[in-house]
Protein chains: 2
Amino acid sequence: MSDNSPGTRNAPPHRTAKRMSPEERKSALIEKATEFFSEEGFEAGTRELARQLGITQPLIYRYFASKEDLINEVYHKVYIDQWQDEWVDMLRDRSVPMRARLKTFYHSYTATIFNRRWMRIFFFAALKGLDINQRYIERVRRSLLIPICEEIRAELGRDDSTPVTDTELENVWLMHGMIFYQGIRKHVYCSVQEIDMAFVIDTGVDMYVDSAHQSGAPGSG
Amino acid sequence: MSDNSPGTRNAPPHRTAKRMSPEERKSALIEKATEFFSEEGFEAGTRELARQLGITQPLIYRYFASKEDLINEVYHKVYIDQWQDEWVDMLRDRSVPMRARLKTFYHSYTATIFNRRWMRIFFFAALKGLDINQRYIERVRRSLLIPICEEIRAELGRDDSTPVTDTELENVWLMHGMIFYQGIRKHVYCSVQEIDMAFVIDTGVDMYVDSAHQSGAPGSG
DNA sequence: TTATCCCTTTATCGAGCGATAAATTCAAGG
DNA sequence: CCTTGAATTTATCGCTCGATAAAGGGATAA
């Protein structure tokens, strides 16, 4: 049996892709590229990506000037589009005790980033040393962790006129790392099936808040 | 000016590599490959690796049957050769209080793995889902974290006839993650210059030991 | 029905990859 | 000196990659 006819080797069963509007096709491409590159890494080939979309490889280049352009749109979708400005609002909401605020925030934050695609793209990008990754981490520091430091100070009634110190920030990074690492275990190591997020967040936040209260809180000793 | 003569484009200044004994050459190759692949990822080309060694690319294949073989030796050097059996001895040494044991252990452990090469190779391998990586994590669990659980039980005078529970293990993973994450920040994110390891380890270990003491220790309340 | 538009495919290019075979060159032993 | 053997280089193969140009073909409007 000869194998000259196209589409019989290991390709999808249809010979020609369904016609789509440019907007549909482009968003389908970005969606699939996110899944594909998060599994295979950004060195993976455009031909295999096209095959999984049921299209031919040159069609990708009608919608993206280069592979790098496509990847940049994937980054944008992961890093920028999924960021929620509500996170900082939660953290700043002084009608709620800091302990509860932190737990609410981390439940929302991990609901967004604790999934296979986000976690793996994050580490693929980190290992490449990409600027967009550095900027994301800086955004976490500036827009989430520093506010946490400031709010903890406020709740403890401490001086809020001086800038947050490195030590205060490092304490928050410890809590953050403890929580974040459990996502790595599940989605990068794949060494655990399910994580008890409530337990992880409760433990991490309680540890942080308790330690903040103990370390030189006025009138605590 | 023509560029036909070899070695004038962007190669090292010498035309021919210094002759080495097979043992010297092979170990030099593995050493440089570890550095090279930890920076560029395992998709990086053998020609660039050879260039950095001041040799030509086919010479690599006199010492390794394939690129994959070379990479496996890199893994072996990182994962197996640097493992220290003394780690479990430290953790089992009941002449020392558990808190101090854990701090000694983590200082030794992080001294080995908190460096750019180890951390990056670990994550490159993790993202590839390699079996050797899974086995390393399993080794950490079985040979380090489970012993920690058992030793904590012993120090608290609890029943040591039942196997370590998932909950006990998850508590250790929280401490472990808190410490490990700070290595990620430095060597994968490259978002921090220096880490106060004594502070990180003290905080992580104290948090874990304190929480173990509090959670239903007989005679503690 | 036919013409037009544009989404999609076919064909192909040049570069880089891992790997092999054959030629070369250096160093040691006679 | 010359010979010999092994370390190293040169040349090259087949394949895959990202990317481009040109041909094909399906939907829509006249």
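Numbers restart at 1 for each chain; the letters A, B, ... are given by sequence-line order, proteins then strands.
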* Asked: Would you say the side chain of B/R19 and the base of D/dA6 hold a donor-acceptor pair, judged only by whether the two atoms sit under 3.5 Å apart?
  -> yes
* To do: For B/A44, answer base if it contacts any base atom (sugar-phosphate contacts may also be present), sugar-phosphate if it contacts only those atoms, and nothing otherwise; contact means non-hydrogen atoms under 4.0 Å.
  => sugar-phosphate
* Asked: Are the charged groups of A/R135 and A/E138 less than 4.0 angstrom apart, N to O?
  -> no
* Thinking salt bridges, do B/K103 and B/D202 make one under a 4.0 Å N-O criterion? -> yes
* Asked: What is the nucleic acid contact for B/P22, judged by heavy atoms within less than 4.0 Å: base, sugar-phosphate only, or nothing?
  -> sugar-phosphate
* Structure fact -> From the candidates D/dT8, C/dT8, D/dA21, the one with an atom nearest any side-chain atom of A/P58 is D/dA21
* OP1, OP2 of D/dT8 versus side-chain N and O of B/R25: anything below 4.0 Å? -> yes
* Could you please name the option among D/dA19, D/dA7, C/dA19 that lies closest to any side-chain atom of B/R62? => D/dA7
* Report the residue from B/Y136, B/W83, B/F123 that forms a ring-ring contact (aromatic ring centres under 6.0 Å, His included) with B/W118. => B/Y136
* May I ask you to say what A/T56 touches in the nucleic acid, namely base, sugar-phosphate or nothing, with a heavy-atom cut-off under 4.0 Å? => base
* Asked: Across the strands shown, which category fits B/S21 at heavy-atom distances under 4.0 angstrom: base, sugar-phosphate, nothing?
  -> nothing
* Salt bridge or not for B/R117 and B/E39, using N-O below 4.0 Å? -> no
* Please evaluate the base of D/dG18 for a donor-acceptor partner in the side chain of A/R47 within a cut-off of under 3.5 Å? => yes
* Quick one: is A/Y63 getting a side-chain N or O under 4.0 Å of the C/dT8 phosphate, OP1 or OP2? -> yes
* What is the distance from OH of B/Y61 to P of D/dT10, rounded to the nearest Å? -> 18 Å
* Asked: In terms of side-chain heavy atoms of A/K67, which of D/dA19, D/dT8, C/dG18 is nearest?
  -> D/dA19
